[in-house]
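Input: a single structure, listed below in structure tokens.
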Amino acid sequence: MSNRRTRGSRQSSGSSRISDDQIADLVSKLQLLIPESRSTRRSDKVEASKVLQETCNYIRSLHREVEDLSDRLSVLLESTENDSAQAAIIRSLFM
């Protein structure tokens, strides 16, 4: 990994390289945004890979929830009259 890091630092200018401290800070901030990670105290050392995996899992669960809600709205729209106010509201939610 240090070989990749060395190669990457040669390719980019010194000013655009993100320091390890900045990465740690960003991972810490990301950890606060993920519900599963909030239970871990901020002082606990958590691997960045674990935080990123939890983030991916959380995003997948949000996608599933959006799909489920979209399906439910579709069913609701099918059961309403097309020209009703309720149908217009439901259609606006799809936009």
Side-chain angles (χ1 to χ4, degrees):
M1 181 161 160
S2 61
N3 193 15
R4 277 190 284 159
R5 201 178 260 177
T6 304
R7 231 184 351 219
S9 63
R10 281 189 216 135
Q11 292 173 347
S12 63
S13 66
S15 62
S16 65
R17 186 175 185 279
I18 298 175
S19 71
D20 290 344
D21 288 339
Q22 289 171 317
I23 291 172
D25 185 51
L26 290 170
V27 167
S28 181
K29 288 177 182 177
L30 182 60
Q31 185 179 7
L32 294 174
L33 296 173
I34 306 303
E36 292 82 20
S37 296
R38 287 184 196 152
S39 61
T40 306
R41 292 188 317 230
R42 189 171 168 86
S43 61
D44 290 347
K45 179 95 174 165
V46 178
E47 291 182 22
S49 61
K50 183 177 180 190
V51 174
L52 293 173
Q53 185 63 50
E54 289 175 353
T55 301
C56 290
N57 292 340
Y58 182 60
I59 291 170
R60 283 186 198 103
S61 74
L62 290 175
H63 278 285
R64 283 191 300 270
E65 190 173 342
V66 166
E67 288 173 1
D68 179 53
L69 291 172
S70 179
D71 291 344
R72 290 170 58 190
L73 280 173
S74 293
V75 169
L76 185 60
L77 184 59
E78 289 172 5
S79 68
T80 61
E81 294 181 30
N82 278 339
D83 59 349
S84 70
Q86 185 180 18
I89 292 169
I90 294 169
R91 271 193 232 92
S92 72
L93 294 172
F94 284 110
M95 303 277 177

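Values below: all heavy atoms of this structure, side chains included; hydrogens, waters and symmetry mates excluded. These numbers come from a predicted model, not from an experiment.
Judged by distance alone, the side chain of S74 and the main-chain N or O of S70 form a donor-acceptor pair under 3.5 Å.
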Show me, pair by pair, the donor-acceptor contacts under 3.5 angstrom made by side chains of residues 78-90, not counting sequence neighbours?
unit_1	atom_1	unit_2	atom_2	d
S79	OG	L76	O	2.8
T80	OG1	L77	O	2.9
S84	OG	E81	O	2.9
S84	OG	A87	N	3.1

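Rounding to the nearest 0.5 angstrom, the gap separating the OH atom in Y58 from the NE2 atom in H63 is 11.5 Å.
Listed by first then second residue, pairs satisfying salt bridge (charged side-chain N to carboxylate O under 4.0 Å, His left out) with a partner in residues 66-75 read D68-R72, not counting sequence neighbours.
The local environment of CD1 in I18 is sparse, with at most 12 non-hydrogen atoms from other residues, nucleotides or ligands closer than 6.0 Å.
Contact of the L52 side chain with the L30 side chain is registered, since non-hydrogen atoms from C-beta on lie closer than 4.5 Å.
With sequence neighbours left out, R60 forms a side chain to side chain contact (heavy atoms under 4.5 Å, CB included) with Q53, C56, N57, R64. Shown here are the side chain to side chain contact (heavy atoms under 4.5 Å, CB included) partners of V27, two or more places apart in sequence or in another chain: I23, A48, V51.
Residues V66 and I59 are members of separate hydrophobic clusters, defined by side-chain heavy-atom contacts under 4.5 angstrom among Ile, Leu, Val, Met, Phe, Trp and Tyr.
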